Amino acid sequence: MKKDLWWKTGVIYQIYPRSFYDTNNDGIGDLPGIIEKLDYLSWLGIDAIWLSPVNNSPMYDFGYDISDYRGIDPVYGTLKDFEKLIERAGERDIKIIMDLVINHSSHLHPWFIESRSSKKNPKRDWYIWRDGNGDNPPNNWKSAFGGSAWEWDEKTGQYYLHSFLREQPDFNWRNRELKEAVFNDIRFWLDKGVSGFRLDVVNWYIKDEKFRNNPFTIKPFDPEKHKYDRNRPETHEVIKELRNLADSYKDILLVGEVFSLIPGNPGLSASFLGNGEDELHLAFDFSIMYRLWSARRFYRAVKRWYKALPENGWPCNVLSNHDQPRGRSRYMGKDFCDGRARVAAVFLLTLKGTPFLYYGEEIGMRNTRIEKCDIVDPLGKRYWPIYKGRDMARTPMQWSKADYAGFSGTRPWLPVNSDYDKVNVESQKSDRYSILNLYRKLLNLRRKHKALVIGAWEPVIKGRGDVLAYFRTYEKEMIFVALNFSTGRRRVRAGQRGQWRVILSTHRTKFEHFTELDFELLPNEATIIKKIGDL
Ligand code: ISL
Ligand code: CA
């Protein structure tokens, strides 16, 4: 039998390195800090870590602006630390995935410094340079972070393209030499033993060859707005080449961030999986992340996502990341009970598809209130108070009740959430009923039950009465998952007779026995039941 691929069966944990654990008391998380916490991650039961960027960076976008693709930024440690991380993680069967930010580099990358030095420089064409349109930029393309996507460069009298900050010039992916140079940098890390990459804005690599103006439209989410600077068909060619490169190593994962204007665009995300075997292994679809708390909405988002996938494609699911408000805060509204966070956890970890957790999600971390003077995210600085940026979801991991939540011995780069006396790893570890222990049990359960991981997903209650219930089945194993999204009691009738036993529940005792799937769910109850035999 073919061995199941690790990235289909595993759970991937995203670490925002600045905020995980600080070992040298400079207020910023570092690689030795991640190494120190590997035992925790292994106790939790994850299979891989996706590290937000740790390469050298002037940090205009906190690492999403890389100035040396082969180095480790000194604030995080050294290349030796990184090698040690791979080794120590490997000893615990944990894989390391890097963030590959190659739509653009930092403006301080030596390639860009060369490129901007003269029109005749051999690397001029590695970035996207154009003459202005009279006194205006070459066309009407807009940066995702505001303003024109073109920056005037006095020295050579041309504009360069930046889809994000002006400190993040876009690469010219039509240039073969650039492609080779980046591919060699990728090989460098594969040779070091990384198990894959998360590809930043993978759908933006290639831009229209003719640099046509984007159509004018007043609809805020109209994809026409970015007709010519995103999702160009030729991007798939680059991804196919990346896939070939990945396939020349063993068991490598490429997971892409497909960013679309429409809040959740499963068709677009799925298109980057190609035929399921020739482009990315996984692509994020953010539909669920953008949905309001509702069983029906979640159900529809999942159904659309699965339906969009190519025949051999595999889904991945995510509720939080470093760009969005924390899931806990998004779904909870003003409600302070954590029932919803638990339902969300059971939902995420029993769906079909590879789950991605965001650090702190497992202890129920919430958004942190950031005062104006503490904002560091360039987006927050630019748009405050209309949009306060992403800092709220990037604050230090809460390890204990100690000062600064045990994250650092000094004032951290972003404030610690004031709830850290309750929301922290140490207290929750010793509390059997904590959300942390729920996550741990779920991860454990996935290891024991193939049906939960690679089994078919068969919905039974599709949001009616704010309940979501489904079977997960694999060979003879049959598991029933029932989720009550509401704060009222709800009856579940799935009609199945037989011998059933609770294997995990937010409200029931383990081993509770059923002879029929007909029972009442308490408010925000999430229960997993396994068939143990026929009557
Ligand atoms: O973060 C956003 C606004 O809330 C998104 O628009 C974000 O810019 C988009 O998802 C692309 O994100 C990725 O690339 C950016 C980087 O700032 C993000 O952190 C990264 O996830 C530029 O590299
Ligand atoms: Ca540090």
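The model shown is predicted, which means the values in this text are computed figures rather than measured ones. Only heavy atoms go into these numbers, but all of them, side chains included; no hydrogens, no water, no symmetry mates. Start at 1 and go down the list; that is how both ligands and their atoms are numbered.
Using a 4.5 Å heavy-atom threshold, the side chains of Tyr40 and Met397 count as touching.
Counting heavy atoms of neighbouring residues, nucleotides and ligands inside a 6.0 Å radius, atom NZ of Lys84 does not exceed 12 of them.
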Quiz item: Can you list the steps and then say if Arg390 with Asp61 is a salt bridge (charged side-chain N to carboxylate O under 4.0 Å, His left out)?
Solution: CA-CA 11 Å; Arg390 303 166 288 184; Asp61 193 16; 3.1 Å; yes

Does the pair Phe112 and Tyr160 meet the rule for a ring-ring contact (aromatic ring centres under 6.0 Å, His included), with working shown? CA-CA 10 Å; Phe112 187 70; Tyr160 68 84; 4.9 Å; yes

Taking it one step at a time, do Tyr127 and Phe171 satisfy ring-ring contact (aromatic ring centres under 6.0 Å, His included)?
CA-CA 4 Å; Tyr127 292 83; Phe171 281 135; 5.2 Å; yes

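The side chain to side chain donor-acceptor pair (under 3.5 Å) search around Asn136 returns none, not counting sequence neighbours. Under the ring pair (Phe, Tyr, Trp, His ring centres under 6.0 Å) criterion, His109 pairs with Tyr69, Trp111, sequence neighbours left out.
A cation-pi contact, defined as under 6.0 Å to the ring centre and within 45° of the axis, links Lys179 to Phe183.
The pair Asp200-Arg198 meets the salt-bridge criterion, with a side-chain N (NZ, NE, NH1 or NH2) lying under 4.0 Å from an Asp/Glu carboxylate O.
Listing protein N, O or S atoms at distances below 3.0 Å from the Ca ion (ligand 2), with waters left out, gives Asp22 OD1, Asn24 OD1, Asp26 OD1, Ile28 O, Asp30 OD2.
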May I have the N/O to N/O pairs between ligand 1 and the protein that fall below 3.5 Å, each with atom names and distance to one decimal?
residue, atom, partner, partner atom, Å
ligand 1, 1 (O), Arg390, NH1, 3.1
ligand 1, 4 (O), Tyr387, OH, 3.1
ligand 1, 10 (O), Glu257, OE2, 2.8
ligand 1, 12 (O), Glu257, OE2, 3.1
ligand 1, 12 (O), Asp323, OD2, 3.3
ligand 1, 14 (O), Asp200, OD1, 3.0
ligand 1, 14 (O), Asp200, OD2, 3.1
ligand 1, 17 (O), Asp61, OD1, 3.4
ligand 1, 17 (O), Asp61, OD2, 2.5
ligand 1, 17 (O), Arg390, NH1, 3.0
ligand 1, 19 (O), His322, NE2, 3.0
ligand 1, 19 (O), Asp323, OD1, 2.8
ligand 1, 19 (O), Arg390, NH1, 3.4
ligand 1, 21 (O), Arg198, NH2, 3.0
ligand 1, 21 (O), His322, NE2, 2.9
ligand 1, 21 (O), Asp323, OD2, 2.6
ligand 1, 23 (O), His104, NE2, 3.0
ligand 1, 23 (O), Asp200, OD2, 2.8

